[in-house]
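Heads up: the structure comes next, in structure tokens.
Since the model is a prediction, treat every value here as computed from it, not as a measurement. Just so you know, these numbers use all the heavy atoms, side chains as well, and skip hydrogens, waters and symmetry mates. Chain A is the first sequence line, chain B the second, and so forth, proteins listed ahead of strands; every chain is numbered from 1.
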There are 2 protein chains.
Amino acid sequence: MPDEDLPAFDPKARTGGDRSARQRFEHIYHTLRTRICLLDYPPGERLREEDLAEEFGVSRTPIRRVLVKLEAEGFLRSVHGVGTIVTDIEIEELEQVYQLRVELAELIGRLMPVEPDNSKRAAFRELLSRCEGLVGKPDAREFARINMDFFHLLNSLTGNEPLREISERLYYQTTRIWLKTASRLSQYEEILMDEIRIFHREVADIVDAVNVGDLRVVGLIRRAHISMSFQRLRNEARRAYR
Amino acid sequence: MPDEDLPAFDPKARTGGDRSARQRFEHIYHTLRTRICLLDYPPGERLREEDLAEEFGVSRTPIRRVLVKLEAEGFLRSVHGVGTIVTDIEIEELEQVYQLRVELAELIGRLMPVEPDNSKRAAFRELLSRCEGLVGKPDAREFARINMDFFHLLNSLTGNEPLREISERLYYQTTRIWLKTASRLSQYEEILMDEIRIFHREVADIVDAVNVGDLRVVGLIRRAHISMSFQRLRNEARRAYR
DNA sequence: GATTTTCTTGTTGTGCACAACATCACGACT
DNA sequence: AGTCGTGATGTTGTGCACAACAAGAAAATC
């Protein structure tokens with residue numbers, strides 16, 4: 001749902017400015033958040049309000065609105081007289097976020113699980129096939145995109161709206177830092193291949209669990225994978241700095 | 001920490017406007033959030049940006065910044081051409097938030113618990129005595145304030161910063177709706193007295209657990225009380241509409 | 001030569017005027 | 001009498017000019 005204009009960097013992609021204020025706001029917000037998550041704006045990058053204003057064809061004012069929201073969610077930090085900077089997260093704090101995500105992942109299967117209908121099952125199957133294509137032709141950006149779509153699909157399995165909202169925010173936070181950290185490791189290509197394979201297995205496992213209809217199990221599988229994913233990243237990072 | 005100027009409605013209370021932009025922002029933000037939680041601005045209330053601007057001695061622009069953040073956190077909703085309205089929450093969604101809070105309460109005792117030092121223990125003792133004073137002289141607003149301080153103290157028992165942040169937001173959301181719903185019930189005075197007594201017991205139990213040093217138990221007690229508190233509210237509300 | 005000071009440049013923050021929008025009252029028309 | 005339209009009013013949204021601020025360069029001073 002959040003990723004419309006897929007090229008994501010093509011200014012022409014914006015389909016006319018005759019939408020309501022709220023729609024424009026949502027559009028700019030989702031676009032920027034996706035860019036941050038996909039590392040189009042990596043941690044440390046400085047965003048200029050005026051540039052963004054020009055790109056989206058508005059003045060600085062509505063842009064600032066979006067930036068304030070992104071700052072409230074921890075993606076940005078505006079400093080008077082300096083700039084608006086994409087936040088970075090140390091490994092210690094990242095671990096805290098992961099700890100929390102692990103618990104929330106299980107809650108998605110326990111709090112108000114929704115029976116997946118046929119369209120959802122179809123979406124899972126399609127995701128699995130995209131995943132299989134990825135195994136044959138590894139690509140970091142495509143991996144990130146599938147991972148993101150997969151998350152949103154999983155997240156829609158709980159009827160607990162606050163839980164969805166919070167999980168989403170934490171997902172974006174951890175994923176971008178995960179991507180950034182992984183991409184700086186020396187044996188990046190190799191690690192990426194492994195991760196894609198593991199991710200493929202996770203998707204396959206979860207699709208099975210969804211088909212059986214046991215969302216509790218989905219939560220447990222997901223929990224295990226999130227936890228292990230962070231462990232692997234931490235181990236690799238430790239090994240690299242020695 | 002969030003509640004400075006206690007009168008909370010006295011415009012003169014703001015101690016000079018020579019602070020930095022960020023400090024001003026935080027001040028206005030915390031002030032408004034506290035007012036929302038204490039029902040100075042009840043759900044449905046319409047806030048006028050110009051009034052707030054005048055009260056805090058600034059223009060509409062910095063006010064809007066605060067309002068955007070409060071909207072992102074679900075306390076407000078701005079509608080073009082209509083106004084900025086304090087959100088209300090239906091009992092169904094409130095239940096979802098409570099479900100989540102119940103789980104998070106337990107996590108506070110499990111994720112990175114911090115050993116309470118002497119100053120924290122003292123703070124707990126002081127809170128307990130304030131609580132005892134309240135039993136003798138029931139007062140809804142003072143009850144809300146103590147409850148809020150108690151929450152912040154408990155919340156400081158985990159080192160997991162994202163968890164703290166999220167728990168805080170959900171606390172403010174549920175507490176204000178709880179207060180609103182309770183205050184509309186017919187036997188409000190009686191219910192309030194009961195709640196104060198029960199809350200007093202909860203504080204006493206938790207102070208004991210803190211002194212023993214078992215934060216896991218703190219989480220469990222807290223979990224139980226949050227859950228029961230909502231159950232009581234729901235039962236009372238159901239009884240009232242019959 | 002080193003250090004302090006001042007100036008220049010670039011950025012976000014603020015204030016204000018106006019546009020866009022929703023709502024309601026009032027009146028014209030059927 | 002009812003219904004639609006039209007305008008008045010009040011609100012948030014936008015654009016723009018300028019203030020406040022930070023950082024680095026340049027210059028003045030010792």
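- The side chain of S59(B) contributes no N or O atom lying less than 4.0 Å from OP1 or OP2 of dT14(C).
- As a whole-Å value, the separation of D51(B) CG from dG10(D) P is 13 Å.
- Taking only side-chain atoms of R46(A), from C-beta outward, the nucleotide of dT12(C), dT14(C), dT11(C) with the closest atom is dT11(C).
- Nucleic acid contact for R60(A): base, since at least one base atom lies under 4.0 Å from a heavy atom of the residue.
- D40(A) and R141(A) are joined by a salt bridge, as a carboxylate oxygen and a charged side-chain nitrogen come within less than 4.0 angstrom of each other.
- A salt bridge does not link R145(A) to E142(A): none of the charged side-chain nitrogens sits closer than 4.0 Å to a carboxylate oxygen.
- The side chain of V82(A) approaches dA22(D) more closely than any other nucleotide in the set dA22(D), dA20(D), dT11(C).
- Using a 4.0 Å cut-off between charged nitrogen and carboxylate oxygen, R169(A) and E73(A) do not count as a salt-bridge pair.
- Side chain of S156(B) to main chain of L153(B): a donor-acceptor pair is present (N/O by atom type, distance under 3.5 Å, no hydrogens or angles).
- Counting non-hydrogen atoms under 4.0 angstrom, L47(B) reaches the backbone sugars and phosphates but no base.
- We find that CZ of R65(B) is positioned 19 Å from P of dT12(D), with the value rounded to whole Å.
- With salt bridges taken as basic N to acidic carboxylate O contacts below 4.0 Å, one links E168(A) and R33(A).
- Distance, E54(A) CD to dG15(D) C1': 15 Å, rounded to whole Å.
- Of the side-chain N and O atoms in T61(B), none sit less than 4.0 angstrom from OP1 or OP2 of dT14(C).
- At least one side-chain nitrogen or oxygen of R24(B) sits closer than 4.0 Å to the OP1 or OP2 atom of dT14(C).
- Distance E50(A) CD to dT12(C) P: 9 Å, rounded to the nearest Å.
- Distance R22(A) CZ to dA22(C) P: 12 Å, rounded to the nearest Å.
- Residue Q23(B) contributes atom CD, which lies 15 Å from atom C1' of dA20(D) at whole-angstrom precision.
- Across dG15(C), dA20(C), dG15(D), the shortest atom-to-atom separation from the side chain of H80(B) is found for dA20(C).
- Between E71(A) atom CD and dT12(C) atom C1' the separation is 11 Å, expressed in whole Å.
- Between the C1' atom of dT14(D) and the CG atom of L52(A) lies a distance of 16 Å, rounded to the nearest Å.
- Toward the 5′ end of DNA chain C lies the nearest nucleotide of E49(A), the other residue of the pair A21(A) and E49(A) mapping further downstream.
- Residue order along DNA chain C, read from the 5' end via each residue's closest nucleotide, puts G81(A) first among S78(A) and G81(A).
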